[in-house]
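Everything on this sheet refers to the single structure shown next.
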Amino acid sequence: MLYTLITGASKGIGKAFALECAQRGMNLILVARSGHLLEELSTELSAKFQVNVRTHTADLLDHAVQRKIFAWINENGFEVNMLINNAGMGYYGKFEQQPLEKHLEVLHLNVDAQIRMAHEFLNASNPNQKRYLLNTVSTGAFQPVPYMAVYCATKAFMLSFSRALRFELRKQSVNVTALCPGGTETDFFTPAQMDGVAEKNALFMMKADKVAKAGLDGLLSNKAVVIPGWYNQIGAFAARHAPQGIVVSQASSFFKPD
Ligand SMILES: NC(=O)c1ccc[n+]([C@@H]2O[C@H](COP(=O)([O-])OP(=O)(O)OC[C@H]3O[C@@H](n4cnc5c(N)ncnc54)[C@H](OP(=O)(O)O)[C@@H]3O)[C@@H](O)[C@H]2O)c1
């Protein structure tokens, strides 16, 4: 039986992915730290959509955990052919005024943990099976953003990584997609200390279910990069083509602390 593994499935975009996948009849392995939220979601999805849903409570900042997750998958005989590599976090503010530990958590969760998950997945999954890997990146990947310098640098890294990996795997029947959402209504902003920024940009926030649907459609149809929402597409185009000095200063005006 084939499974889709979703990290960060307890809330936000990851939870929306779980719902979208279950609606399409896909069996799921849900990973996050909040075991009770995963259990609630598992009960709901398996009852509503008659799919198999397994949960695995894990802190992806623990460097050994990705290996443990795939060892558990192997012991239980689950076959994972799709990885939604989604768990991530941000931290907002002037770089030197924020705790170094927070910057490093962002770096480790958004980069290390995703790289480790992708590596375990590609080695553990069946190469004779069609496989799918989606990395949740961000429109923050398209330009440096003052006051979110580390977060956007991690997302630029993951965009570059996704595109390179996609090319490496092009003859191995693996679809690789970078999902680049703009602002999305989730719990992301509170732990990131960004409630004020979210309020200022409320008009441009997308719903998580729309983002997840666009991501899954793009992954299944083998798109390299998916940017949900026309205004995010325009923003990403401008960020890639306008002079970088102007782009950074423009980004700063959106994110400048009051
Ligand atoms: N919301 C936006 O505006 C936006 C825009 C662009 C990109 N993104 C990206 O979208 C992805 C999902 O974010 P979201 O907006 O859905 O945020 P969210 O609502 O805060 O969800 C984050 C998910 O990641 C999990 N998570 C966080 N730290 C973890 C850890 N150490 N170990 C395991 N799981 C962990 C959380 O679950 P637990 O707390 O239960 O562990 C939760 O399920 C992230 O990669 C984010 O960078 C978000």
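Side chains included, hydrogens not; waters and symmetry mates left out as well; all remaining heavy atoms used. Both ligands and their constituent atoms are indexed starting at 1 by order of listing.
- For ligand 1, the polar-atom distance check against Ser34 finds a nitrogen or oxygen pair separated by under 3.5 Å.
- Between Phe78 and Trp72, the ring planes are perpendicular. Angles over 60° get that label, and only those under 30° would be called parallel.
- Among protein heavy atoms, the minimum distance from atom 27 (C) of ligand 1 is reached at Arg33 NH2, 3.5 Å.
- Here the shortest heavy-atom pairing between Gly140 and Cys152 reads O-CB, 3.3 Å.
- Distance from atom 22 (C) of ligand 1 to its nearest protein heavy atom, with residue and atom name: Gly88 O, 4.0 Å.
- Taking a cut-off of under 4.0 Å to the non-hydrogen atoms of Lys155, the atoms of ligand 1 that pass are 45 (O), 46 (C), 47 (O).
- Of the protein's heavy atoms, Thr184 N, 2.8 Å lies nearest to atom 3 (O) of ligand 1.
- Interface atoms of ligand 1 facing Gly182, defined by a heavy-atom separation under 4.0 Å, are 3 (O), 5 (C), 6 (C).
- For atom 48 (C) of ligand 1, the closest non-hydrogen atom on the protein side is Ile13 CD1, 3.9 Å.
- Counting only distance, with no hydrogens or angles, the side chain of Gln244 and the backbone of Ala239 share a donor-acceptor pair below 3.5 Å.
- Centroid-to-centroid, the aromatic rings of Phe188 and Tyr151 come within less than 6.0 Å.
- Salt bridge annotation for Glu120-Arg116: absent, with no cationic side-chain nitrogen under 4.0 angstrom from a carboxylate oxygen.
- Of the candidates Phe188, Phe204, Tyr151, the one placing a heavy atom closest to atom 8 (N) of ligand 1 is Tyr151.
- Atom 32 (N) of ligand 1 has as its closest protein heavy atom Leu60 N, 2.8 Å.
- Between Phe189 and Tyr92, every side-chain heavy-atom pair lies at or beyond the 4.5 Å cut-off.
- Protein heavy atom closest to atom 24 (O) of ligand 1, with residue, atom name and distance, is Gly8 CA, 3.4 Å.
- Checked by distance only, ligand 1 and Asn110 stay at 3.5 Å or farther apart across all their nitrogen or oxygen atoms.
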